[in-house]
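Working notes for the structure below.
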Protein chains: 2
Amino acid sequence: MTVGIRDVARAAGVSTATVSRALGKGPVSDALREQVEAAVRATGYRPNLSARRLRSQSAQTIGLIVADIRNPFFTAVSRAVEDAAYQAGMRLILCNTGEDAEREALYLRLMQEERVTGVVFAPTRRTAERLRPEDFPFPLVLIDRTGPPGGHDGVVLDNVAAGSALVDHLVEQGYSRIAGLFGSTSSTAEERRDGYLSAMRRHGLEPRMRNVPPDAEPAQAEVARWLAEPGRPEALIVSNGLILMGAVRAARAAGVAWPGGIALAGFDNEPWTELIEPGLTVIEQPVAEIGTQAMGLLFDRLKTPGQPVRKVVLSGRLIARGSTGRR
Amino acid sequence: MTVGIRDVARAAGVSTATVSRALGKGPVSDALREQVEAAVRATGYRPNLSARRLRSQSAQTIGLIVADIRNPFFTAVSRAVEDAAYQAGMRLILCNTGEDAEREALYLRLMQEERVTGVVFAPTRRTAERLRPEDFPFPLVLIDRTGPPGGHDGVVLDNVAAGSALVDHLVEQGYSRIAGLFGSTSSTAEERRDGYLSAMRRHGLEPRMRNVPPDAEPAQAEVARWLAEPGRPEALIVSNGLILMGAVRAARAAGVAWPGGIALAGFDNEPWTELIEPGLTVIEQPVAEIGTQAMGLLFDRLKTPGQPVRKVVLSGRLIARGSTGRR
DNA sequence: GTCGCTCATGAAAACGTTTTCACAACGCAT
DNA sequence: ATGCGTTGTGAAAACGTTTTCATGAGCGAC
């Protein structure tokens, strides 16, 4: 049927061991190496990676588990992760959990069965809390969301600082009735809320916060409700790009302009936040850097397993646009 | 070291064959099945998928090869493909080619070495032309871009009709000097150009076309140049979402408003095309449907290999917005 | 010239499963 | 009772590699 290493060996007049060594990096004389290469070309041989993995006990595979690849933040991160993986000669298995704890568990089990080299994972808060390093025989690097300290390597934004920075910026621009709308499933949103909260207190302002599932539709509905209530806030801070989109839609639908009707600020510097008029003030995350750093942590841990747990904290960048214009 | 099926067998007091059958669907008495399940729980056994694949000669894996997952079109399609794959108990390997023929070849080879169950692939025009079915031992379903007729199963938009529809719409709105800007690497862009061309001829209008690499930056540069030339077109049709974004940026930068300064229309109903003001007229692609159909074709071919090659052609939907307002 | 040493090579074991094959036990029709 | 298909089970082969182990050749040092 399919051509295997035995056929190549026969064609080259050598043993299978020599073929394996010639294709890998074992010591083989130049003459034989050439014979083998010729035989490979002649037979059209393609190594069977399953067999290779089984025998060598090394999958050369990275698992990437995110909430939803359609979230541009994860899309961008995934691209960086993929680049790093393939550059290191590894493949990438992609999984979408939809923020569902059950699917998270399912995919983590799958990764064990795949005997993957390592996993990059953006867990929900619930799962992050239960994640115990000793349960995993491979490096597990958390991104965007973080677990309890000391658990796993991870790379996150300085969310608290970013949340505060948005408040500071709005205060500076003359706003005081500043509300916050945050995602309900991730530790990230929690931290951003904490940043919002502490900055509000520092400025002596009264916080007003709500939570929604981190998706555009629920956010739109919530903001629509909020806008219809008496005592509408002067400004609204939201905790990610999807929620920001929902907020924008709700404001448009209610005929509320920004920053006049309500000032808007959020996270994720997606292209559309600049194209819309007036532009939206956002905290830009270094998305590619997050993916690259995550893979860096992963490879480091493979090399030095005993190493203490590291958490890379990256700073966001405030991009001020018209949506938070001076009041 | 790690617990294998032998350990489970020993713990349950049965043979490895029985364990395998109990976990699969072989005939096993209820009593033994329970013993095995208990032993699995007790030992914390996780099957080794590499070994399983090697022996059963079935990878239960789908490869997805696209130009760039950051292109929202591919993001959305990939999500649908992933859902279908995991629903069928298969994993997904993701590859980004960056429209590079060499990487396309690399990944196709990788898929052979993985002995994947099937592949969903969005090839560049160049690669699509050279793709010969007999070179692949697995079903290969093309999406978005298409190869020579009769080659592979595929699912595509009716690009010619869509390209014409945009022209018809613009003519109806009173425009006549309608230009076209198309991606230079995909057959898709070619077809959309053909649709544009034939509609222009049909209306007795003179076509004006240019090509760019299908990405936002080159598109922005080209449109900027175009806008600066004398005899600026009244309307511009572009062949995908990234190019549309470039065009919008260029218009903004040049202080050209739409539809007054230049009418804009394109492809891909991404959220921002609605949020921007005035909204952009686009052809909406049924992205989820494309992914689902592709997996359908793939599974069908697995079931009935001899079946004639099928090409599913889906219709786009014209969404008229302010960017093509009456002239 | 003999003793170690390195080096290239082949035979065979090993990786962890599934599947084939053989067989025993059982029920059922003769 | 005998024969026969069915069913559940275990021993062992098989999947396609890499790796271990043994061997023999080549070579410099004494």
Side-chain angles (χ1 to χ4, degrees), chain A residues 1-37 39-40 43-61 89 91 109-117 137, chain B residues 1-37 39-40 43-61 89 91 109-117 137:
Chain A
M1 269 293 267
T2 87
V3 27
I5 204 174
R6 314 177 62 97
D7 305 292
V8 178
R10 200 172 312 128
V14 299
S15 73
T16 62
T18 300
V19 174
S20 174
R21 283 191 275 253
L23 297 180
K25 54 187 169 70
V28 181
S29 69
D30 290 351
L32 282 197
R33 170 162 276 127
E34 268 184 40
Q35 279 180 47
V36 169
E37 277 163 9
V40 165
T43 55
Y45 167 73
R46 293 272 165 255
N48 181 321
L49 293 185
S50 292
R52 177 174 293 178
R53 289 196 186 105
L54 172 58
R55 174 60 234 217
S56 64
Q57 302 285 68
S58 144
Q60 301 282 81
T61 299
R91 10 234 144 280
R109 201 165 359 161
L110 173 65
M111 292 305 140
Q112 313 226 77
E113 303 187 349
E114 292 279 0
R115 306 292 195 267
V116 293
T117 310
Chain B
M1 268 293 267
T2 87
V3 28
I5 203 174
R6 315 177 61 97
D7 304 293
V8 178
R10 200 172 311 127
V14 298
S15 73
T16 62
T18 300
V19 175
S20 174
R21 283 191 275 252
L23 297 178
K25 54 185 170 70
V28 182
S29 69
D30 290 351
L32 284 196
R33 171 163 275 127
E34 267 184 40
Q35 279 180 47
V36 169
E37 277 163 9
V40 165
T43 54
Y45 167 73
R46 293 272 166 255
N48 181 321
L49 293 185
S50 292
R52 177 174 293 178
R53 289 197 185 104
L54 172 58
R55 174 60 234 216
S56 64
Q57 302 284 68
S58 144
Q60 301 283 82
T61 299
R91 10 233 144 282
R109 201 167 358 165
L110 173 66
M111 293 304 140
Q112 313 226 78
E113 303 187 351
E114 292 279 0
R115 306 290 196 265
V116 293
T117 311

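First the proteins, then the strands, lettered A, B, ... as listed; each starts at 1.
- The side-chain heavy atoms of B:V40 and B:E37, taken from C-beta on, include no pair separated by under 4.5 Å.
- In terms of phosphate contacts, B:S56 brings no side-chain nitrogen or oxygen within less than 4.0 Å of OP1 or OP2 of C:dT18.
- When heavy atoms are screened at a 4.0 angstrom cut-off, A:R21 is found touching base atoms of the nucleic acid.
- Judged by closest nucleotide on DNA chain D, B:V14 is the one of B:V14 and A:V19 placed further toward the 5' end.
- Looking at heavy-atom distances under 4.0 Å, B:T18 makes contact with sugar-phosphate atoms alone, never a base.
- Rounded to an integer number of Å, the gap from B:N48 CG to C:dA14 P is 18 Å.
- Taking side-chain N and O atoms only, A:Q57 has no distance below 4.0 Å to OP1 or OP2 of D:dT17.
- At whole-Å resolution of the value, CD in A:E113 and C1' in C:dG16 are 13 Å apart.
- The shortest side-chain heavy-atom distance between B:V28 and B:V36 does not fall under the 4.5 Å cut-off.
- Atom pair A:I5:CD1 and C:dA12:C1' shows a separation of 14 Å (rounding to whole Å applied).
- Here B:E114 pairs with A:R91 in a salt bridge; the nearest charged N to carboxylate O distance falls below 4.0 Å.
- In this structure, the CG atom of A:L49 is 15 Å from the C1' atom of D:dC15, given to the nearest Å.
- The side chain of A:V28 approaches C:dT9 more closely than any other nucleotide in the set C:dG16, C:dA12, C:dT9.
- Here C:dG16 presents its C1' atom at 17 Å from CD of A:Q112, a figure rounded to the nearest Å.
- You won't find any donor-acceptor pair under 3.5 Å spanning the side chain of B:R55 and the base of C:dT17, going by distance alone.
- Using a 4.0 Å cut-off, no side-chain N or O of A:T16 falls inside it from OP1 or OP2 of D:dT18.
- The nearest whole Å value for the distance from the CG atom in B:L23 to the P atom in C:dT17 is 9 Å.
- One interatomic measurement links the two molecules: CZ of B:R52 to C1' of C:dT19, which rounds to 14 Å at whole-angstrom precision.
- Put simply, the side chain of B:T117 gets close to the backbone of B:Q60: a donor and an acceptor are under 3.5 Å apart.
- A:T61 is listed as a side-chain neighbour of A:R53, based on a closest heavy-atom distance under 4.5 Å.
- In this structure, A:L32 and B:R6 both approach DNA chain C, and ranking their closest nucleotides by distance from the 5' end singles out A:L32.
- Atom pair B:R46:CZ and C:dT17:C1' shows a separation of 16 Å (rounding to whole Å applied).
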